[in-house]
Amino acid sequence: MLYDVIIIGGGPAGMTAALYAARSGLQAVLVERGALGGQLMKTDWIDNYPGFPEGIGGMELMNNFALQVERFGVNTHYANVEKLELSGDIKRVLTDDGELEGKTVIIATGSEPKQLGIPGEIEFTGAGVSYCAVCDGMFFRGKKVVVLGGGDTALEEAEYLAKIASEVMLIHRRDAFRGAKILADNVKQNDKIKLLLSTKPLAIEGDKKVTSIRLQNLITNIEFTEACDGVFVLVGTKPNSELLIELTLDAQGYVLTDEELASNIPGVFACGDVRKKPLRQVSTAVGDGAIAAMSASHYVTNTDGRA
């Protein structure tokens, strides 16, 4: 079967693209390697998605998305994508469960936060360990939090958290920050941010939730423990773009798009966290998915005369 659009990735961006594609009358298929919902299936609570004044669980929200996709009759193909052939008029998506062909492809494969790989990090994810201050900062109002990282994101989000938390401890293994000088100057001048440079995390500790972090001073080699209520791991993200060898990516591997979310290859669009963008949130992913689907619809209409 030749689909009008193949959507790769079943997170909020991909599912929104599927909804809009179906409502536009396109024959769409959604390819997902795991459960629909992506990383949000592991997110305990979402407090900043419009329409839910008391917040909503990540799993519940994504299940609602999935039910809506099902209601509009979008076919979901559960498989691992192994290779993409995107340059021709007919796009080919090769999976471990067969080959799919489409007139257009929407890439919605998302990104993943880089992890430290220290004890307690995985165990306490969602119970004090977070990878997004904008997402989870409000849960730590008036509490002491630790930010791990030294780049622009860590510096920006440490400042953001300083407006919410009682104290922010910014920890970086080097003796100077990697982020922009103006951002570094801002955190240095903020009385609510305590800096610990030349320090590395050894373990995140707690019982049912985070209570402390074990650290090591890299100059003296002395190990010590700091009490805290939350740990924000902000050492960067990695886009899931390994298979996108035909697309133009930035230095970090994010897909470059125009305002219509078109890539450098006609008929190929990217949405959500896999593309280069200033903010990665559920709300921005949803907006991206809608735009990408409508752009794909216009492409199909203009290339084969379909309504």
Checklist entry - If you round to the nearest 0.5 Å, how far is OG1 of T225 from CG of L215? => result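 One finds 7.5 Å between CG of L215 and OG1 of T225.
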Item to check | Spacing of I6 atom CD1 and L2 atom CG [to the nearest 0.5 Å] | outcome: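 Spacing of CD1 (I6) from CG (L2) equals 8.0 Å.
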Above 12 or not: heavy atoms from other molecules or residues under 6.0 Å from [atom1] of [X]?
X	atom1	result
F65	CZ	yes
I245	CD1	no
K200	NZ	no
D89	CG	no
E223	CD	yes

Next on the checklist: Testing the basics here: between E121 and I204, what is the closest heavy-atom pair and its distance to 0.1 Å?
Outcome noted: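 Distance-wise, the nearest heavy atoms are CA-CD1, 4.0 Å.
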Item to check | D96 side chain vs N80 backbone, donor-acceptor pair below 3.5 Å | outcome: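 Yes.
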Next on the checklist: Please check: side-chain N/O of T16 versus main-chain N/O of P12, any donor-acceptor pairing under 3.5 Å?
Outcome noted: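 Yes, T16 side chain to P12 backbone: donor-acceptor pair under 3.5 Å.
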Atom pairs and distances, donor-acceptor, side-chain atoms in residues 168-181, under 3.5 Å, two or more places apart:
residue: H172; atom: NE2; partner: A176; partner atom: O; Å: 3.2
residue: K181; atom: NZ; partner: D185; partner atom: OD2; Å: 2.8

Item to check | Test side-chain hydrogen bond (donor to acceptor under 3.5 Å, both in side chains) applied to Y131 and T237, step by step | outcome: CA-CA 9 Å; Y131 298 88; T237 57; over 6 Å; no
Item to check | Hydrophobic cluster (4.5 angstrom, side-chain heavy atoms) - remaining members for L279 | outcome: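 Members other than L279 - counting any ILVMFWY side chain reachable under 4.5 Å - there are none.
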Checklist entry - Do NZ/NE/NH1/NH2 and the carboxylate oxygens of K194 and E167 come within less than 4.0 Å? => result no
Next on the checklist: Quick test of your reading of the model: are D4 and K103 salt-bridged, counting only N-O distances below 4.0 Å?
Outcome noted: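 The answer is yes: the pair qualifies as a salt bridge.
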